[in-house]
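Values below: every heavy atom of this structure, side chains too, minus hydrogens, waters and symmetry copies.
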Amino acid sequence: MPFGHDMLHALATVVELVNTSPATGGEEGLADLSDLQKFVEARQISGIDQITAKDLSQVRSLREVFHRVFTAPDQPAAVQTLNALLSETRISPRLTEHDGHPLHVHYHAVDANLAEHLAADCGVALAHLLVEGEAERLRTCAAPDCDRVFVDESRNRSRVYCDSRTCGNRMHVAAYRARRRA
């Protein structure tokens, strides 16, 4: 994919955020403020001083909007969902260097709260993906018992599992055992 470090980081952040949702087949990954704090630290989200219950509620709502982008039936539906989100988001692009990262672009307003920060940076990353005609890279895991999302970064767009070590391996072993029984 023709994106720099900042776009790839934002795409990985939105994937990780969406996959905290019970809608992806697991438990609530953002059950409380400490879970949200761990997410912020793990994804190295800068400029967030304090996290509140309001932030938790807003991020959970935002996560569901992003989930609808990944699971949209077609590109026009994904575009409509993303446009609705971006139209409500304060976007102020600026170049920045921080925390040892090279020069990159932040799209959130300087005083943005956590949800605004994620909506701007992750929303713009998804928008660039759609503009580049890469909507088919937004995927849901093909394993029957997994609804996690991912961005297919493979050159030939052939990835079908959220994680080759878990879902992919499990499905390959099941297929092998089925062939052996036949």
Side-chain angles (χ1 to χ4, degrees), residues 1-21 23-26 29-30 36 38-48 58-72 74-86 88-89 91-108 112 114-142 146-168:
M1 292 189 309
F3 298 127
H5 170 270
D6 51 331
M7 283 295 161
L8 293 175
H9 184 267
L11 290 171
T13 299
V14 73
V15 164
E16 190 170 325
L17 176 62
V18 171
N19 286 333
T20 65
S21 173
T24 61
L30 297 176
L36 185 57
K38 288 174 191 170
F39 174 82
V40 167
E41 290 169 5
R43 296 306 312 157
Q44 298 179 332
I45 300 171
S46 62
I48 304 300
Q58 289 174 337
V59 169
R60 283 179 180 163
S61 296
L62 175 63
R63 157 185 85 179
E64 301 316 315
V65 174
F66 283 140
H67 188 250
R68 288 195 304 273
V69 172
F70 275 86
T71 59
D74 53 31
Q75 183 168 333
V79 168
Q80 182 178 10
T81 301
L82 196 52
N83 273 339
L85 172 68
L86 291 173
E88 298 174 3
T89 303
I91 296 179
S92 302
R94 70 186 183 290
L95 296 170
T96 184
E97 290 178 291
H98 61 85
D99 301 322
H101 296 290
L103 189 64
H104 59 282
V105 181
H106 278 192
Y107 292 94
H108 61 277
L114 179 57
E116 291 174 320
H117 182 130
L118 291 169
D121 285 349
C122 296
V124 168
L126 288 170
H128 280 288
L129 195 73
L130 295 176
V131 165
E132 293 294 326
E134 301 285 357
E136 73 275 1
R137 290 188 183 273
L138 301 177
R139 303 250 175 100
T140 302
C141 186
C146 182
D147 293 318
R148 293 175 58 89
V149 301
F150 63 95
V151 175
D152 180 2
E153 295 180 42
S154 68
R155 188 178 291 185
N156 63 356
R157 298 170 180 85
S158 62
R159 185 173 162 199
V160 294
Y161 301 113
C162 64
D163 185 353
S164 61
R165 291 181 309 262
T166 54
C167 290

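The one candidate from Leu138, Asp147, Thr81, Thr140 that meets the side chain to side chain contact (heavy atoms under 4.5 Å, CB included) condition with Thr71 is Thr140.
Residues Arg159 and Ser154 share a closest heavy-atom pair of N-OG, 3.6 Å. The two atoms that bring Ser158 and Arg139 nearest to each other are C-NH1, 4.3 Å, heavy atoms only. Scanning both residues, Ala127 and Leu86, for their nearest heavy atoms gives CB-CD1, 4.1 Å. Scanning all heavy atoms of the two residues, the minimum distance from Ala119 to Phe66 falls at CA-CZ, 4.0 Å. Closest approach of Phe150 and Tyr161 over heavy atoms only: CE2-C, 3.7 Å. Taking every heavy atom of both residues into account, Ile91 and Ala120 meet most closely at CG1-CB, 4.2 Å.
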Take Arg63 and Ser21 through the test side-chain contact (heavy atoms from CB on, under 4.5 Å) and record every step on the way to the result.
CA-CA 7 Å; Arg63 157 185 85 179; Ser21 173; 3.5 Å; yes
Going through the distances and angles, do Ile45 and Phe39 end up as a side-chain contact (heavy atoms from CB on, under 4.5 Å)?
CA-CA 9 Å; Ile45 300 171; Phe39 174 82; 3.8 Å; yes
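To the nearest 0.5 Å, the span separating CG on Asp121 from CD on Glu116 amounts to 11.5 Å. Atom CD of Glu16 is separated from atom OG1 of Thr13 by 7.0 Å, given to the nearest 0.5 angstrom. The NZ atom of Lys38 sits 9.0 Å away from the CD atom of Glu41 when rounded to the nearest 0.5 Å. Taken to the nearest 0.5 Å, the CD atom of Glu153 stands 11.0 Å off from the CD atom of Glu134. Here the CG atom belonging to Leu11 is positioned 10.0 Å from the NE2 atom belonging to His128, to the nearest 0.5 angstrom. Taking CG from Leu130 and CG from Asn83, the interatomic distance works out to 9.0 Å, rounded to the nearest 0.5 Å.
In this structure a side-chain-to-backbone donor-acceptor pair under 3.5 Å is missing from Arg157 to Glu136. Without hydrogens or angle criteria, Arg60 side chain to Leu62 main chain gives no donor-acceptor distance under 3.5 Å. With hydrogens and angles ignored, the 3.5 Å screen pairs a side-chain donor or acceptor of Arg137 with a backbone N or O of Asp152. For His108 (side chain) and Leu114 (main-chain N/O), no donor-acceptor pair under 3.5 Å exists by modelled atom type. A donor-acceptor contact shorter than 3.5 Å is absent between the side chain of Arg43 and the backbone of Val14.
The number of heavy atoms from other shown groups lying within 6.0 Å of CZ (Arg94) is above 12. Within 6.0 Å of the CD atom in Glu64, the count of heavy atoms belonging to other residues, nucleotides or ligands exceeds 12.
Residues passing the side chain to side chain contact (heavy atoms under 4.5 Å, CB included) test with Arg148 are Asn19, Thr24, Cys146, Cys162, sequence neighbours excluded.
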